[in-house]
Amino acid sequence: MNYQNFFQNRPTTEIAQDLLGRVLTYQDNGKLLGGLIVETEAYLGPKDYAAHSYNGRRSPANEGLYCPGGYLYIYAQRQYFFFDIATQERDNPEGVLVRAIEPTLGIETMIKNRAGKTGPLITNGPAKMMQAFGVTSRKWDLHPINQTPFSVDLTSKRPIKNVIAAPRIGVRQDDDWSKRLLRFYVAGNPYVSDMKKTKLDKNNGWELTKNKI
DNA sequence: TAGTAGATTTGCT
DNA sequence: GCAAATCTACTAA
């Protein structure tokens, strides 16, 4: 399995769900930062009203979506950044947004990058995750992921008890597309954005297994 | 816990 | 100029 196979030849919604429970890492000056992906969103090209590529919109700002599967699409909004991975073949502008991870590597460094914030506040949102990694530019936009400090473990995956499909967050809520269930997350995991304390799962939503990743 | 307001950058119209 | 795939702080109950 390589990145191109993983991010092509199947529906983007399936890819988004398959990313849950995998490890996303970022190499920063010899330190390895990262964690388990717990929340993703799918954006489905020209017909998706909430996608940047809606109606075939194309510009230097969203060129990343038009790249082949496995390329990065880094988007800046206000002072924040988003981390997307393009899916499908070139010129088919679909992609997956990684919204949240459960930190497992380099936690101390990520806390520093987040100005001392701890627990779920480190990475329970797209911009927070990028801050925790220390990413403050679009430097890796349009690059294949294997040529960047980012990497996703495609060989193993932590079993999840329940995956929830829900409407996407932060998009206009005035049309049918905004209500479609294109956001996927690990049920009960505290690092999922906007997760309620009362709905937390004892084991963070992971299947109980002998071998921890 | 839910709801609201303000911050502040990028790129398109 | 304006809107945007957000975050934080503050308020009330």
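Because the structure is predicted, anything quoted here is derived from the model rather than measured. Chain letters run A, B, ... following the sequence lines, proteins first, then strands; residues in each count from 1.
Taking 4.0 angstrom as the limit, R138(A) places a side-chain polar atom (N or O) nearer than this to OP1 or OP2 of dG11(B). In terms of phosphate contacts, K117(A) brings no side-chain nitrogen or oxygen within less than 4.0 Å of OP1 or OP2 of dC7(C). Under 4.0 angstrom from either OP1 or OP2 of dG11(B) there lies no side-chain N or O belonging to S59(A).
I122(A) has its CD1 atom 16 Å from the C1' atom of dC7(C), to the nearest Å. Atom pair E63(A):CD and dC12(B):P shows a separation of 11 Å (rounding to whole Å applied). dA3(C) atom P lies 19 Å from atom CG of N62(A), rounded to whole Å. Atoms CZ (F81(A)) and P (dC7(C)) sit 14 Å apart, rounded to a whole Å. Y54(A) places its OH atom 18 Å from the P atom of dC12(B), with the value rounded to the nearest Å. Between Y80(A) atom OH and dA3(C) atom P the separation is 20 Å, expressed in whole Å. Rounded to a whole Å, the CE atom of M130(A) is 16 Å from the P atom of dA5(C). Residue Q79(A) contributes atom CD, which lies 15 Å from atom C1' of dA5(C) at whole-angstrom precision.
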Open item on the list: Run the side chain to side chain donor-acceptor pair (under 3.5 Å) test on Y43(A) and E41(A) for me, step by step, so that the C-alpha distance in whole Å, both residues' side-chain angles and the decisive distance to 0.1 Å come before the verdict.
Closed with: CA-CA 7 Å; Y43(A) 286 88; E41(A) 284 180 1; 2.6 Å; yes
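Stacking between Y75(A) and dA5(C) is absent: the ring centroid is not both under 5.5 Å from the six-membered base ring centre and under 30° in plane angle.
Remark: dA5(C) base-pairs with no nucleotide; criterion is Watson-Crick or G-U wobble with both hydrogen-bond distances under 3.5 Å. When Watson-Crick and G-U wobble pairs are counted only if both distances are under 3.5 Å, dG3(B) pairs with dC10(C).
Taking the side chain of R78(A) as heavy atoms from C-beta on, and the options dT8(C), dA5(C), dT8(B), the nearest nucleotide is dT8(B). Taking every side-chain heavy atom of R114(A) into account, dT8(C) is the closest of dC12(B), dT6(C), dT8(C). Of the candidate nucleotides dA5(C), dT1(B), dG11(B), dG11(B) has the atom nearest to the side chain of A61(A). Minimum atom distance to the side chain of Y73(A) is reached by dA5(C), of the listed dC12(B), dA5(C), dT1(B).
Map K196(A) and P60(A) each onto its nearest nucleotide of DNA chain B; the residue landing nearer the 5' end is K196(A).
Using a 3.5 Å distance cut-off with no hydrogens or angles, the side chains of E102(A) and T123(A) do not pair a donor with an acceptor.
The CE atom of M129(A) lies 6.0 Å from the CD1 atom of I101(A); values are rounded to the nearest 0.5 Å.
Heavy atoms of Q77(A) sit under 4.0 angstrom from at least one base atom.
Ring planes of H52(A) and Y73(A): perpendicular class, angle over 60° (limits at 30 and 60°).
Not less than 6.0 angstrom separates the ring centroid of Y71(A) from the ring centroid of F7(A).
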